[in-house]
Amino acid sequence: MPRRPEHGDYATNLALVLGSKKGERAMDIAKGVLENLADPKGYLERVEVAPPGFINLFLNRGKLLEKVKEVVQEGVNYGRSSLQEEVKVLVEFVSANPTGPLHVGHGRGAALGSALANLLEAAGYKVTKEYYVNDMGRQMEVLGRSLYIRYLQLLGEDVDMPEDHYRGEYMVDLAKELFSLFGDELRGKEEVEALEACRHFASSRILEGIRKDLEEFRVTYDRWFHESSLYEEGRVQSHLERLREKGLVYERDGAQWFKSTEFGDEKDRVVVRKDGRTTYLASDIAYHADKLERGYQRLVDIWGADHHGYVPRMKGVMQALGADPSCLNIVLVQMVSLLRDGIPVAMSTRAGEFATLREVMEEVGVDAARYIFLMRSPDSHLDFDLELAKKQEKENPVYYVQYAHARICSIEREARERGVELPKVEEADLTLLQLPEEWELIKQIVGYPDLVREAAEAMEPHRLTFFLDGLAAQFHAYYNRGWLEPQARVICPDPELTKARLLLVRAVKQVLWNALTILGVSAPEKM
RNA sequence: GCGCCCGUAGCUCAGCUGGAUAGAGCGUCGGACUUCGAAUCCGCAGGUCGCAGGUUCGAAUCCUGCCGGGCGCGCCA
């Protein structure tokens with residue numbers, strides 16, 4: 001899409017690229033392309049060649065106007081497409097350990113994962129959303145002991161909480177809850193048994209809290225996959241055995257190692273420790289094998305960027321499992337720094353200083369929080385200042401876009417009040433739309449389906465936020481033109497023109513709604 | 001030391017996979033409300049795209065080397 005109008009509505013550098021490859025003059029190739037250009041459906045008004053070899057395409061107005069009618073006819077389905085064949089994709093995201101409440105970093109992953117899942121679905125993929133619950137390992141033991149200590153403290157015993165345990169205030173609350181259920185019953189039991197009860201209680205209650213936070217954040221899952229289920233069925237061991245037969249798992253220094261160097265990793269990785277316990281990598285091998293066995297052709301894992309060092313070994317795991325490593329797409333989302341009045345807020349789970357997702361939701365609202373998380377490329381660090389977000393609430397970008405939607409709803413309400421019926425698609429003569437602002441709006445909404453496909457392919461929902469901002473800006477400019485020019489208003493003196501404009505504006509509203517919905521942000525009819 | 005990400009306007013960031021004169025929001029300054037919602041719009045100002053080379057018709061975009069910031073480099077997850 002060229003910037004300057006004389007370069008057409010679309011432009012291609014095809015001839016320049018071909019010219020450099022074949023060593024021919026680009027201008028000659030461009031002219032040749034022009035002569036052989038087929039346009040059976042008449043989409044093109046005219047085509048020009050410009051030095052040094054650009055081909056500029058000017059779209060046929062009438063054909064574009066028909067597209068506007070399609071927007072209204074297709075409604076919520078406009079912009080959705082279907083792939084040639086069904087592709088099953090599994091999006092796994094957040095997957096935070098159930099050792100404490102979700103913090104802002106998880107919020108970013110949650111917003112991104114859910115929006116990406118919607119986006120892929122809109123592009124025609126068959127999407128499943130999954131949360132991997134790490135309910136095994138040392139951290140779970142530490143969690144159980146942390147709760148046990150809080151519980152004993154509650155009963156008046158003098159026990160110290162070690163530095164490396166979970167010291168957050170929420171553990172005290174859990175201890176109280178535990179006490180109200182069991183009284184001092186646990187104190188009399190064997191420690192092993194009490195710890196097991198604490199572990200189970202803490203992790204299930206915390207996981208329940210996580211589920212509720214996410215639901216409130218408009219994030220839902222098709223499945224919660226528990227790491228422990230892999231062990232109950234003995235599948236971790238069986239997959240390790242299979243890799244051992246392939247020579248990809250071997251013993252050294254009393255431990256079992258996965259030969260990830262075979263696939264480009266810088267060193268081999270331990271899967272079974274000297275003491276016989278498996279590592280998380282062993283679980284991940286079984287888990288990803290399970291994903292493949294379930295028939296997913298494409299696996300999307302969304303990780304915090306601090307886990308980037310694990311990418312090579314996971315790619316290696318895919319190859320070891322006999323899969324193409326390119327079918328595993330790992331999206332690394334950079335850190336979020338939560339600020340309060342410009343001052344960084346510490347976000348350590350164990351130290352118990354929280355910047356929870358719940359806090360953020362309650363302070364700035366779900367719409368604003370989701371939109372801010374989704375505005376930037378996952379590759380960029382994100383500064384999220386709570387105070388600033390609150391102060392600027394009314395200037396927040398999300399309100400700008402939502403306002404455009406609400407404004408159109410308002411226009412439609414006004415039209416009805418004045419006795420103007422909203423036109424049916426066949427009743428409107430769109431050729432009456434002659435303002436440059438209208439042409440710009442038309443071009444933008446017509447380009448929306450391509451945007452959805454491209455954003456999905458790049459796995460970059462943030463492109464939608466920039467599209468939305470641009471569409472809203474174009475609409476607001478259009479609307480404001482009617483401020484001083486009553487004949488440029490949607491509801492104008494000419495009834496036929498009014499019908500055409502109402503239809504256009506309805507198409508704009510539909511596209512705003514569709515894109516906002518993919519992002520999981522509401523499109524209010526009133527604000 | 002090695003690896004990944006980032007470096008674009010005063011601030012926060014886009015830049016559509018190498019195109020034509022680098023964009024937006026916020027902030028500053030100046031304008032537009034007798035009503036289709038001013039949560040908006042219009043305009044001014046603001047740039048050696050971190051630095052230096054290279055690739056070619058053409059580079060913010062690709063390659064190399066530096067500089068600066070963030071994050072990793074466990075028989076933790």
Side-chain angles (χ1 to χ4, degrees), chain A residues 1-4 6-7 11-13 16-17 19-20 25-26 50-54 56 95-97 99 134 136-140 142 164 253-257 266-267 269-275 277-281 283-284 304-312 332 334-335 337 375-383 385 388 392-397 399-400 402-404 406-415 417-418 420 447 450-451 454-455 457-458 460 462-463 465-467 469-470 472-473 475-484 486 489-492 498 501-502 505 526-527:
Chain A
M1 289 256 261
R3 214 170 280 117
R4 298 170 62 103
E6 63 265 36
H7 293 148
T12 174
N13 58 354
L16 287 161
V17 175
S20 64
R25 285 179 50 204
F54 290 106
N56 296 327
S95 298
N97 298 337
T99 54
N134 289 98
M136 300 276 295
R138 203 185 82 89
Q139 33 141 12
M140 283 294 110
V142 173
D164 62 349
D253 303 333
Q256 304 275 330
W257 300 71
E266 49 189 24
K267 52 188 278 196
R269 310 289 171 176
V270 171
V271 283
V272 182
R273 301 183 187 92
K274 219 184 295 184
D275 63 10
R277 293 167 25 150
T278 50
T279 63
Y280 79 95
L281 180 60
S283 305
D284 268 342
D306 52 340
H307 289 64
H308 72 258
Y310 304 92
V311 174
L332 295 171
Q334 293 293 327
M335 305 281 102
S337 306
M375 267 174 61
R376 285 169 183 72
S377 152
D379 286 338
S380 282
H381 291 235
L382 174 61
D383 282 346
D385 193 314
L388 208 66
Q392 293 189 335
E393 190 173 41
K394 296 191 171 180
E395 294 159 10
N396 200 301
Y399 289 95
Y400 183 77
Q402 289 181 319
Y403 182 48
R407 228 179 190 180
I408 294 172
C409 293
S410 173
I411 292 171
E412 293 180 341
R413 280 194 299 271
E414 180 66 21
E417 272 177 34
R418 295 191 194 180
V420 180
D450 285 335
L451 176 87
E454 288 165 9
E457 227 34 69
E460 292 180 348
H462 75 276
R463 294 193 192 187
T465 68
F466 285 89
F467 170 82
D469 194 68
F475 169 72
H476 286 310
Y478 175 48
Y479 178 89
N480 270 77
R481 180 167 175 167
W483 191 262
L484 291 176
R489 291 179 189 171
V490 174
I491 305 171
C492 65
T498 298
R501 285 178 173 164
L502 280 171
V505 142
K526 284 182 183 173
M527 293 173 68

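Numbers restart at 1 for each chain; the letters A, B, ... are given by sequence-line order, proteins then strands.
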For nucleotides B:C16 and B:A52, find the distance between their C1' atoms and express it as a whole number of Å. 29 Å
A:Ala477 near the nucleic acid: base, sugar-phosphate alone, or nothing, with a heavy-atom cut-off under 4.0 Å? sugar-phosphate
Name all residues meeting the side chain to side chain contact (heavy atoms under 4.5 Å, CB included) criterion together with A:Glu454; count only those two or more places apart in sequence or in a different chain, and write none if there are none. A:Asp450, A:Arg463
Write down the distance separating the C1' atoms in B:G10 and B:G54, rounded off to the nearest Å. 34 Å
Can you check the distance between B:G68 and B:C29, where both ends of the measurement are the P atom (answer in whole Å)? 37 Å
Output yes when at least one side-chain N/O atom of A:Thr465 is less than 4.0 Å from OP1 or OP2 of B:A24, else no. no
Whole-Å C1' distance, B:G30 and B:C44: 7 Å
Base, sugar-phosphate, or nothing for A:Ser377, non-hydrogen atoms under 4.0 angstrom? sugar-phosphate
Look at all strands and tell whether A:Asp450 reaches a base, only sugar-phosphate, or nothing, counting heavy atoms closer than 4.0 Å. nothing
Quick one: label A:Phe466 by what it contacts on the DNA or RNA (base, sugar-phosphate, nothing), any heavy atom closer than 4.0 Å. sugar-phosphate
With C1' as the reference atom in both, quote the distance from B:C4 to B:A38 in angstrom, rounded to an integer. 47 Å
Side-chain-base donor-acceptor pair under 3.5 Å for A:His308 and B:G3: yes
B:A60 versus B:C49 - spacing of their C1' atoms, nearest Å: 5 Å
Take nucleotides 33-38 of chain B nucleotide by nucleotide from the 5' end and write B, S or -, depending on whether a protein heavy atom sits under 4.0 Å from the base, only from the sugar-phosphate, or from neither. S--BBB
How far, in whole Å, is B:G27 from B:U64 if one measures between their C1' atoms? 39 Å
Give me the distance, rounded to whole Å, that separates B:C41 from B:C73 when you measure between the P atoms they each carry. 46 Å
Output field dot_bracket for RNA chain B (Watson-Crick or G-U, both distances under 3.5 Å, | for other-strand pairs) contains (((((((..((((.....[...))))..((((.......))))......(((((..]....))))))))))))....
